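Below: one structure, written as structure tokens.
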Amino acid sequence: MALPRTIHLVPLNRIAGFDVRPGFYEINGATAIPGGVNFTVHSHGATSIELLLFHREQDEPFAVLPFPEHYRIGNVYSMIVFKLNIEEFEYAYRVDGPYDPQKGLIFDRSKYLLDPYAKAVTGQSQWGSKAPFGQHYKARVVKDDFDWADMPQPLIPMEDLIIYELHVRGFTKDPSSGVAHPGTFAGLMEKLDYLQDLGVNAIELMPIYEFDEMQDYREVDGNTLYNYWGYSTVSFFAPNTSYTASTEYNREGNELKQLIQACNQRGIEVYLDVVFNHTAEGNEKGPFFSFKGFDNNIYYLLTPDGHYYNFSGCGNTMNCNHPIVRQMILDCLRYWVTTYRVDGFRFDLASILGRSEDGSPMGAPPLLQALAFDPILGNVKLIAEAWDAGGLYQVGSFPAWNRWAEWNGRYRDDIRRYLKGDEGCAQGAALRIAGSEDMYANQGRANASVNFITCHDGFPLWDLYCYNEKHNLSNGWNNTDGANDNNSWNCGAEGETDNPEINALRRRMCRNAFALLMCSRGIPMFLAGDEFCNTQMGNNNAYCQDNIISWLDWNRLERNRDMFEFFRYMTGFRKRWRVLRTRTGDGSCGFPEVSFHGVTPWRDRPFDGHDRYIGVMFSGWERDTGPQVVYVASNAWWEDLSITLPQLPASMYWEKAVDTWQAEQSPEPVSGNQTVIRGRSVMVFVAR
């Protein structure tokens, strides 16, 4: 609902010394209007609600304003409070109602509650500052006056994306980053020229919603552990104020908006990793600060006796397909798109978004359908992590309406197993490189596969080839946390080594992985720091490590400059050859659009269990460049192989464009159509 330009409103009542009147019932949250502030909140089960006003950083309210009964329409309470200066107060609510835990009703008038639609949360701006036990959250009213000018958003086609996943704090927090504002949105902004040079055109930010890093705060062997990753939301509408370089009283979000604007000016899209599957309120033993107090039995999936279903693995599960919760999620995403110009979203444990109120999977989940067809979200990318902690795995079958893309976990697993030389993995790897059409073609889902080999969850690329086992003792769980099925290989020594042969093999394995990623159909994504061999020292679940285990060590960029240059070369190579990114016709030069090959051309049967060599050839036609033919050759065998490439038309020849046996790339023509591919290496040939 849009506010009229001129508002002629007069007070109708006086409460706690303030002039008030009924407000705008369709505008959720707290909104500054000429002459005052509009407060709107709703609860299905409440019998009464009070608005609490606080002086900044004070724990006791200076005013308590009960909503009169005639200020309530249906389940919505709305009140305009006149002559309030948004810079002089913070606010919360108290909600009263029935208490019957077996029915999920746990109203408690003694609790101060955070507005579910709060645009800024107080008391969170100092990272690692432990709040007094039991302190409540409060909200501030935000003035949205950011000037986006007339700059259009990039609107990059899905097939042209190269996504770079990063943690805002960890990206620049280490002094080696050399930025003026480490660990902040501003610090990330200082690195945008670097990202542009690397060749990525989309950054996926791990959670930047307001979360409490002090949740599960503890010390292990003298080291402080935090909720560092942030996958435990406090407020869905509010940016994390501890990620700003300066305090932004009542203009929270401006630094994030500046970052998004600067990215878009460089042709880089910004995606948010959003966590709608659970909140930081946890289970029966968890805190009680917002949703539990407004409508516990609506916001959360509850068992028949009032306990919390835990499909998230974090204590509670949001009741995403209840109409109230569904509307809040839709309102939230619309807010981030319209107010922050966010270009896309990656949904953590997205299979939960398709569960019904009894926890069972739905065939056509209303929430997922609503997001797929919402007009405001029409141009944004929707990317699902298509599984959850309750055992629901929907990679290849996520309800999509040809709109949702997926993190393709099968791509990660198949490519990892193949590259380290496991038997029986060639066929799966070939299908993943060719675009996973075995998973998506029958559904007509173009550009559905987000291909990745590494992400925040698990080993970074360098560790994938340095460790056979996870080394998570520093997390304090006796090495029981984190995945055990890493499909990693230490190349002959566990951890760091001075052995030059092992290190050369590790570097080649990293180049192999990235070369295949950049030459696979689908949308490539990789983890920040992989381009210069960043390490987590064997930790594959660094969710609590706010230190050099998780922070990027930028000193490694200079030590591994050759790896950075290889990554940069491969992103540029992918951009030059559109046939790698999408179908460009039915083929060219007499070749089919996609074909598979062994050491000799034209394989007419699936790869065998003992095969370690795969050849995947893409061919098509571009109006500006004519025919495009790219042959991807991968040898996961440890010995050299002689291979024969398909015979080109007489007027054309093969050029070797990529050879991971060496770091530096220098394209050169191939004499004839026969060559040798070294053991454990990848070569890419293009037709000239």
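Nothing here was measured: the structure is a model prediction, and the numbers come from that model. In what follows, every heavy atom counts, from backbone to side chain, and hydrogens, waters and symmetry copies are set aside.
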Give me the ring orientation class for His167 and Tyr243: parallel if the planes are under 30° apart, tilted from 30 to 60°, perpendicular past 60°.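 The arrangement is perpendicular - the two ring planes meet at more than 60°.
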With under 30° as parallel and over 60° as perpendicular, where do the rings of Phe526 and Tyr164 fit, or are they tilted in between?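 Taking Tyr164 first and then Phe526, their aromatic rings stand perpendicular (interplane angle over 60°).
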When rounded to the nearest 0.5 Å, the distance separating CH2 of Trp462 from SG of Cys510 is 6.0 Å
What distance separates Glu165 CD from Arg346 CZ, expressed to the nearest 0.5 Å? 6.5 Å
With the threshold set at 4.0 Å, does a side-chain nitrogen-carboxylate oxygen contact exist between [X] and [Y]?
{"X": "Lys381", "Y": "Asp343", "answer": "no"}
{"X": "Asp553", "Y": "Arg556", "answer": "no"}
{"X": "Glu406", "Y": "Arg445", "answer": "yes"}
{"X": "Asp608", "Y": "Arg603", "answer": "yes"}

Checking side-chain polar atoms at under 3.5 Å, does [X] have a donor or acceptor matched by the opposite partner on [Y]?
{"X": "Asn673", "Y": "Thr644", "value": "no"}
{"X": "His181", "Y": "Glu190", "value": "no"}
{"X": "Asp530", "Y": "Thr454", "value": "yes"}
{"X": "Tyr411", "Y": "Ser520", "value": "yes"}
{"X": "Gln545", "Y": "Ser474", "value": "yes"}

Of Asp481, Asn486, Asn484, Asp463, which is the lone residue that meets side-chain hydrogen bond (donor to acceptor under 3.5 Å, both in side chains) with Lys470? Asn484
Step through it carefully: locate the ring centre of Trp404, locate the ring centre of Phe345, and say whether they are under 6.0 Å apart. no
Do Trp387 and Phe398 have ring centres separated by under 6.0 Å?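 No; Phe398 has its ring centre 6.0 Å or more from that of Trp387.
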Could you check whether Arg561 makes a cation-pi contact with Phe564, meaning its NZ or CZ is under 6.0 Å from the centre of the six-membered ring and within 45° of the ring axis? yes
Is it true that a side-chain atom of [X] and a backbone atom of [Y] form a donor plus acceptor pair closer than 3.5 Å?
{"X": "Glu531", "Y": "Gly529", "result": "yes"}
{"X": "Arg506", "Y": "Asn490", "result": "yes"}
{"X": "Asn560", "Y": "Met563", "result": "no"}

Whether over 12 other heavy atoms sit under 6.0 Å from Asn499 CG: yes
Kindly check if the number of other-residue, nucleotide or ligand heavy atoms within 6.0 Å of CD (Glu494) is above 12?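 Check passes, neighbour count above 12.
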How far apart are the closest heavy atoms of Leu205 and Val270, and which atoms are they?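 Shortest heavy-atom contact: CD1-CG1, 3.9 Å.
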Where Ile614 and Ala429 come nearest, the two heavy atoms and their spacing: CD1-CB, 4.0 Å
